[in-house]
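Below: one structure, written as structure tokens.
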Amino acid sequence: MHKTKEKGFPSRGGMALFLVMGFLFFIAIVAFYLHSFSRHQMSQTRFLSNAEVAFVAAEFGAREACMLVQKTADFINSTDPLTYPKKDRVPVVLKTFFDAFFNSRAQLKNNLSSIDLNLSNMPVNSMLSDYAPKLKLRVNIKLKNPAPLLEGTIIPGVCEPFSETRGRFVIDSKSEYYGTERRVMTTFEARSINLTTPVIGRFVLSVVKGDGNLNPLSESLAPLPVNQKYSPFPPVFQTNDTIFPLVVNGGNTITDKNKTRNETATFFNSQGWVYLGVPFGTKPEFWTAGVAQPAGEYGDGFLMTGTQAYFFPIEQGSPRLGQTNNGISLWKDFQTVAFIGPTHKEGKEKIRKYILAKSPDNDFGISCLKLMGTASEPSPNLIFGKAYRHYNLEQGFRPVPKDGKTSSVALIPYVAPEDYSKSSMGVPGMGRNVAQAYRDTCQGYSGFEQAMTKTVIAPVNEGIAFYFDKNSGANFKPVFESGNIPKLGRNLNYQADSPANFLLDIQQKFFRNNECIYDGGLNQVLPNIKDLVSARSARSFLNSSEFKLFLENFLKRGKQVTGSYLIKGPFTWTSEFNQLAIGGVVIIAESDITIQSSVRPQAQPQNSDARDHTVSLVSLNGDIVISTDSPVDAALIALKGTLRLSQPCKIEIKGLLAVANLNLNQFHNKFKKSITYDSRFDWADEETFTKNVRLSLEDQPLLFQVKSN
């Protein structure tokens, strides 16, 4: 029997070899896989490390740029005097950035611009030096979408292009390390604003219209000194404590009157002005200035010192005192005299009452509004609008002085037309012969009327003309010229026969650095600046408490709070804001603003940059309500409302007041009331305008990583 060998099946030795070879192949595959995985992991680790380095570098660069933007804003917003002018005092580390995005006034430019940061001198360079030279970092800052703050909006009368700008700073930080790229970006919303208000800031008082009754200021003749039988010429008047006027001071008290007289243009250009609008149908006498003799604390001085009489010769044949009476030729040996006296009521009933015994105008109520300062503290204003002053023009004659000796003056009393032919002219105590002598030396009543004492109504600025007139000793008609006033772009001149050249009407032009910034009626501005003042506010709050909390938190973090803020409702100023609203703050409320304490912010040691603390309180639709007798150093503006007193109290405002309406009835009280101009709100002044430039930024920019291009 034979054994047959099967084909196709390996022997046991071959099978073992096959298994060994398969196992070795499997081991090789596993080894190769592990080797490849290890190499991949090592490569991935290197990649992650490179990406981390690249990301950290990009983030460092972005933060460095953010810090640069913020420090530039802090510099622009600083009110430290050592930082002005900004263009010349910008720190070296900020200069490239400043020059690229801001003009000489430190305002944001209204055009696209971009810079790459020079990182060689920045901290990020030393922090990443260990990764050089394989690390590449580029940080770009771009101003995107720059546009006027009020694009397409026109304020009537404002003719300069809006220099206030809004835009967005975009920071793009790109880094590369061993071929690995990372990119970090951030943005800052920015607004370049000004804290002053167009045109209104040039006026210490701006009122579109007024109402209420004219409030008389009680006054009386001063008692005669002991052993003096006759009243002095002119009589001395004094006020009692029944009512105090609202005093509007144009600015600093004049100390050097001679210098003021010779430099009138400079003087008027530095003082605050007054705008009194007169609504249609209102009598022009409504706004009146002048409450007392130009002397003492309450005297309406018009810059006139003491008492001033004007003497001039009598012309032969002239209607007034130019005829011959019983051989007496008055024009040869006498001269006439005129004195600008006060408006007075009690003068008719006391000493020298015959002078104005029946003057029909002498009972006119004198407004409590007093605009021109006093003789002891003269501080005049230029008046825009129809403001008039009532005063007595006391007239008479005297012998021409000889050998240096002065002569006594005989005043000619007021005589009504119906009394002119009477034996005594209707004047108690006037003799028949004296009355006839008057009639004989005048050409009828018209001539006598030119020579007699009377009540005169004249433009308020006329009093200033009398003061500056250098030829009034020989001619009663004053002539006045100021020289060019830069903010008006014109000079003021006055002649009695052409007063229009001196009066300032509602239609005016204003200039800043020889550029016209306003041309129109001033009553156009106040109702039409709502959009502008609202657009300046980058942040809004529901109420005073929320706003107060914001300021507290900002200051705790060492942030500057200067800028403009909107309150969506009423706002109440309390004493806490004197420690919070520092560095220049504008607070805009949609309704009433109530002032319950003094407004006098103080600098804080931890905020060394905040040295100047202007405060503007603006009500868009409501009133300004004063509920304190403490000083208020602020610009008070009510676009549609008025100034209200919660109760009769002392008023001491230093800044300006601009309201749509002013009711005089509320000032009829015994408390002192004053508004004094603060030139820090002067929108028409280049230096002031520049110092009120501010840059508002978003509080906390966000850093975010984006995909590299």
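These numbers come from a predicted model, not from an experiment.
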Closest approach of [X] to [Y] (non-hydrogen atoms, all atoms of both residues):
| X | Y | value |
| --- | --- | --- |
| Ile155 | Asn528 | CG1-O, 3.7 Å |
| Pro401 | Gln335 | CD-OE1, 3.5 Å |
| Val158 | Tyr518 | N-CD1, 3.7 Å |
| Ala265 | Asn484 | CB-O, 3.1 Å |

Six-ring centre of Phe510, Arg202 cation under 6.0 angstrom, axis tolerance 45°: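 No, Arg202 does not sit over the ring of Phe510.
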
Report yes or no: is the cationic atom of Lys86 (NZ for Lys, CZ for Arg) closer than 6.0 Å to the six-membered ring centre of Tyr84, at no more than 45° off its axis?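 Here Lys86 passes the 6.0 Å and 45° test against Tyr84.
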
Is the shortest side-chain N to carboxylate O distance from Glu686 to Arg105 below 4.0 Å?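 Salt bridge between Glu686 and Arg105, a charged N being under 4.0 Å from a carboxylate O: yes.
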
Taken to the nearest 0.5 Å, the spacing of Phe689 CZ from Leu195 CG works out to 10.5 Å

Would you check if the side chain of [X] reaches a backbone N or O of [Y] as a donor-acceptor pair within less than 3.5 Å?
| X | Y | value |
| --- | --- | --- |
| Gln395 | Gln450 | yes |
| Ser318 | Arg320 | yes |
| Asn513 | Glu515 | no |

List for me each residue that meets side-chain hydrogen bond (donor to acceptor under 3.5 Å, both in side chains) alongside Asn194, sequence neighbours excluded, and say none if there are none.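 Per chain and number, Asn194 pairs via side-chain hydrogen bond (donor to acceptor under 3.5 Å, both in side chains) with Thr196.
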
Any idea how Phe397 and Phe334 line up, ring-wise: parallel (<30°), tilted (30 to 60°), or perpendicular (>60°)?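 Taking Phe334 first and then Phe397, their aromatic rings stand perpendicular (interplane angle over 60°).
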
Classify the angle between the aromatic ring planes of Tyr420 and Phe448 as parallel (below 30°), tilted (30 to 60°) or perpendicular (above 60°). tilted

Residue of the set Asp612, Asn692, Asp633 for which side chain to side chain donor-acceptor pair (under 3.5 Å) holds with Arg680: Asp612

Does [atom1] belonging to [X] count more than 12 external heavy atoms closer than 6.0 Å?
| X | atom1 | answer |
| --- | --- | --- |
| Glu160 | CD | yes |
| Asn514 | CG | no |
| Lys87 | NZ | yes |

Using the side-chain contact (heavy atoms from CB on, under 4.5 Å) criterion, which residues pair with Ala634? Sequence neighbours excluded. Val599, Val615, Val632, Leu636

